[in-house]
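Comments concern the structure below.
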Number of protein chains: 4
Amino acid sequence: MKSSYGDLKEQAWQANLEIPRRGLAIDTFGNVSAFDSERAVFAIKPSGVDYESLKAADMVVVDLDANVVEGTLRPSSDTKTHGALYRAFPGIGGIVHTHSTYATAWAQACPPIPLYGTTHADHLSEDVPCTALMTADAVSRDYEAETGAQIIDCFRARDPRKTPMVLVAGHAPFTWGKTADQAVYHAVVLEELAKIASITRGLDPQARPLPDYLVQKHFERKHGKNAYYGQS
Amino acid sequence: MKSSYGDLKEQAWQANLEIPRRGLAIDTFGNVSAFDSERAVFAIKPSGVDYESLKAADMVVVDLDANVVEGTLRPSSDTKTHGALYRAFPGIGGIVHTHSTYATAWAQACPPIPLYGTTHADHLSEDVPCTALMTADAVSRDYEAETGAQIIDCFRARDPRKTPMVLVAGHAPFTWGKTADQAVYHAVVLEELAKIASITRGLDPQARPLPDYLVQKHFERKHGKNAYYGQS
Amino acid sequence: MKSSYGDLKEQAWQANLEIPRRGLAIDTFGNVSAFDSERAVFAIKPSGVDYESLKAADMVVVDLDANVVEGTLRPSSDTKTHGALYRAFPGIGGIVHTHSTYATAWAQACPPIPLYGTTHADHLSEDVPCTALMTADAVSRDYEAETGAQIIDCFRARDPRKTPMVLVAGHAPFTWGKTADQAVYHAVVLEELAKIASITRGLDPQARPLPDYLVQKHFERKHGKNAYYGQS
Amino acid sequence: MKSSYGDLKEQAWQANLEIPRRGLAIDTFGNVSAFDSERAVFAIKPSGVDYESLKAADMVVVDLDANVVEGTLRPSSDTKTHGALYRAFPGIGGIVHTHSTYATAWAQACPPIPLYGTTHADHLSEDVPCTALMTADAVSRDYEAETGAQIIDCFRARDPRKTPMVLVAGHAPFTWGKTADQAVYHAVVLEELAKIASITRGLDPQARPLPDYLVQKHFERKHGKNAYYGQS
């Protein structure tokens with residue numbers, strides 16, 4: 001039977017395949033979803049299936065309450081976190097969760113990743129934020145929904161379109177974007193920022209953040225009204 | 001002549017080939033065995049043979065006292081350690097020994113690997129334990145059997161089915177699982193946990209362990225009675 | 001239509017392709033240009049185009065004031081920096097800008113990279129210099145031209161033919177050479193020097209620089225009047 | 001014309017090709033030689049030729065005083081160091097010089113690499129030694145011959161057959177073996193030991209060396225009279 005979600009599942013599948021290709025996860029770790037805002041559903045990786053055997057048809061389509069709309073497999077155990085973010089962050093079309101090595105190390109040590117240089121400022125104009133550690137109370141309620149709530153809380157005074165990534169304390173990163181592909185790109189960038197920042201800190205534990213005028217310059221030349229980076 | 005251990009040797013061989021593929025060892029370092037609990041024998045890599053030239057037929061089948069049951073090559077010098085663990089840990093069907101880089105560094109520094117985050121808690125609910133350093137007396141007896149005894153001693157108050165890995169002080173890791181394949185998976189996971197933990201400690205030498213309520217949540221959602229990770 | 005800049009664009013293109021091949025940048029980061037000193041133009045990577053889809057015909061030919069001479073795409077946003085260096089440093093025929101991991105970490109921490117050993121002295125006889133951090137004033141003028149000015153200022157008392165690399169504070173490295181190929185080679189060398197130096201400093205934060213007589217010996221045997229390294 | 005050194009050149013060539021394959025050097029860094037003790041000549045890599053274009057016929061055959069016996073290219077600039085070691089260390093048939101990342105970092109920081117664990121003890125029963133830093137006087141004489149003298153001096157109270165590797169202070173490692181292949185193997189092992197040791201030291205700057213009774217046990221089970229590792 002032909003699926004009316006074929007394109008969405010294809011997008012999610014392709015983006016999921018980038019996870020092992022880019023070295024962002026071993027084994028079955030990590031998951032990517034692609035969102036259809038008109039129909040308010042997203043396609044997500046099935047839980048615990050390894051990337052090698054994954055097919056586009058395996059993607060599970062769920063609504064924003066994590067009810068399965070199409071698919072025979074159980075969706076990722078992190079599905080409710082994805083749903084919470086799609087509901088709260090208007091304009092995002094894809095979400096990635098990985099346990100990539102350096103970003104996860106920062107999430108475990110849990111300071112935000114300092115904005116040390118222009119590689120970072122090319123992508124976001126503040127430190128990569130880190131959520132608070134979840135309380136025992138929250139864990140005892142609905143863990144995956146609460147992970148979403150934790151992230152949303154961390155973005156109360158932030159714009160998720162300008163800061164498309166977060167570290168969940170003691171856990172690992174989530175990134176997002178206009179599309180699933182862009183969310184994967186942000187996951188790649190985050191891992192590289194996390195690695196460069198950890199080496200920077202090793203060289204000088206007192207390394208100073210980039211001055212704000214340089215941050216704004218780099219961020220604006222790529223993302224501002226008068227951006228002149230790229231071809232569009 | 002057809003071997004009645006063909007399947008067991010095939011399993012052990014395939015699992016051994018994963019060691020260099022996964023970057024867990026250089027040259028001839030490391031070895032994997034696969035256990036047949038009914039016949040109380042296991043197939044293990046021959047000693048000092050490199051992975052490239054290894055054939056399924058080269059696997060050596062030995063009993064729990066390390067007597068060769070089938071095979072013309074000398075079994076791994078660590079055979080008695082494998083035998084001791086199969087005897088002591090009911091329900092395990094495969095054992096892996098590697099000198100993988102980060103896990104070996106922790107074994108050399110020899111604190112246990114702290115449970116810093118959920119990547120770790122997804123697999124075991126305590127620090128990766130490290131044995132005591134072997135005494136001169138023990139070394140002078142039967143070194144490889146004593147390595148097994150050292151590990152077993154370290155698990156007196158632990159469940160090897162819940163904590164499928166250990167660091168041998170001053171030496172390197174051993175991991176195990178229901179099958180040789182799962183034991184290799186645990187060796188891959190351990191190396192990644194060891195790497196993330198060493199970066200975490202570099203970022204913050206005082207980094208705190210994950211609170212127990214988060215440890216239990218993550219461990220249980222994958223391994224508890226009401227586990228909901230994966231497809232089974 | 002046949003381009004009269006075909007060779008130059010081919011050189012620039014080939015050199016750009018080395019950037020991802022050598023692991024010097026992810027995604028679209030980085031750019032290489034090749035200079036034709038007779039015609040006072042250079043071919044450079046178009047802005048924000050990824051390496052996989054890059055063609056020789058995409059290279060943009062510009063003059064030293066960054067005016068496009070040939071090409072339909074927008075040149076790299078760093079074009080004015082390249083132009084400033086070609087104008088100021090006689091004899092260089094290629095420039096590379098990357099955000100390679102270890103060199104960028106040093107640029108962020110911003111001490112110069114100490115000359116710890118002969119691997120370094122084989123290529124340059126002083127620390128890898130780091131520019132001053134750009135002032136808010138300079139940023140508000142012409143950022144990319146000022147980046148060039150910053151580097152040129154750092155080379156007031158230096159010979160760019162003997163020290164073919166620099167760290168731009170808070171940003172990332174630039175390297176150059178007689179050809180675009182040699183500039184890429186210097187980018188590869190710089191990343192390796194940066195990595196070895198960061199491990200050296202990790203082993204001993206008080207590690208001492210190589211004595212000058214050893215620096216001179218190694219630099220001269222490769223680059224001096226009586227050089228005897230290599231075949232020419 | 002058929003060379004009477006065909007086999008020797010082939011051995012040296014094959015061993016040289018392992019250098020980039022094993023990730024022990026970038027570009028033209030590093031060199032391997034293979035020794036024919038009966039004819040007192042060795043075949044060595046030509047100076048500054050990159051590995052990709054290297055042919056067996058390019059190998060240069062020289063005598064122990066570094067006079068070219070066969071070959072049209074200039075031999076490695078380190079040829080006199082190789083010659084000095086072949087003359088001084090009886091029984092060695094191959095020498096490798098690399099600037100591999102971690103071993104070079106230790107050579108730059110220049111403490112010996114501590115014997116932290118059994119991976120190390122499986123190969124040598126003491127710290128990896130580091131020579132003294134060459135004096136200005138020695139440099140002004142014959143640099144490459146003096147590098148050999150420096151190493152030989154460091155082995156006055158050591159057995160080069162038991163400790164087949166050394167760090168040259170401020171420079172990089174040399175390794176050797178019964179054959180050129182074994183010398184390459186030792187270069188691979190040294191780089192891995194250097195990496196594990198640097199991570200160990202990062203985890204615990206006060207990490208203690210392996211007790212001598214464990215060192216002896218591991219070294220002897222592989223290299224002692226009653227060795228039982230491997231198949232011979």
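In what follows, chains carry the letters A, B, and so on, assigned in the order in which the sequence lines appear, proteins first and then strands, with residues in each chain numbered from 1.
- The most heavy-atom pairs under 4.5 Å with chain A, out of V49(C), L133(C), L73(C), I26(C), come from L73(C).
- Under the 3.5 Å distance criterion, with hydrogens and angles disregarded, no donor-acceptor pair is assigned to the side chains of E146(C) and Q150(C).
- Of all the listed residues (D204(A), L203(A), L214(A)), the one sharing the greatest number of non-hydrogen pairs under 4.5 Å with chain C is L203(A).
- Ion pairing between a basic and an acidic side chain is recognised when a charged N comes within 4.0 Å of a carboxylate O; R21(C) and E18(C) show such pairing.
- Residue R201(A): no heavy atom, backbone or side chain, is found under 4.5 Å from chain C.
- In this structure, chain C has heavy atoms under 4.5 Å from both the backbone and the side chain of I199(A).
- Of the two parts of D212(A), neither the backbone nor the side chain holds a non-hydrogen atom closer than 4.5 Å to a non-hydrogen atom of chain C.
- Within the 4.5 angstrom heavy-atom criterion, atoms from both the backbone and the side chain of T28(C) approach chain A.
- Using cut-offs of 30° and 60° on the angle between ring planes, the pair H123(A) and Y185(A) is tilted.
- Under the 6.0 Å distance and 45° angle rule, K45(C) counts as a cation-pi partner of Y51(C).
- For D153(A) and R158(A), the salt-bridge test fails: no basic side-chain N is under 4.0 Å from an acidic carboxylate O.
- Residue with the most contacts toward chain C among H120(A), K222(A), H218(A): H218(A) (heavy-atom pairs, distance under 4.5 Å).
- The most heavy-atom pairs under 4.5 Å with chain A, out of P205(C), C110(C), G48(C), S76(C), come from G48(C).
- In this pair, F174(A) and H82(A) present their aromatic rings perpendicular. The plane angle is above 60°, beyond the 30 to 60° band.
- At a 4.5 Å heavy-atom cutoff, the contact between Q231(A) and chain C is made by backbone and side-chain atoms alike.
- In this structure, Y86(A) and F42(A) have tilted ring planes: the angle between them lies in the 30° to 60° band.
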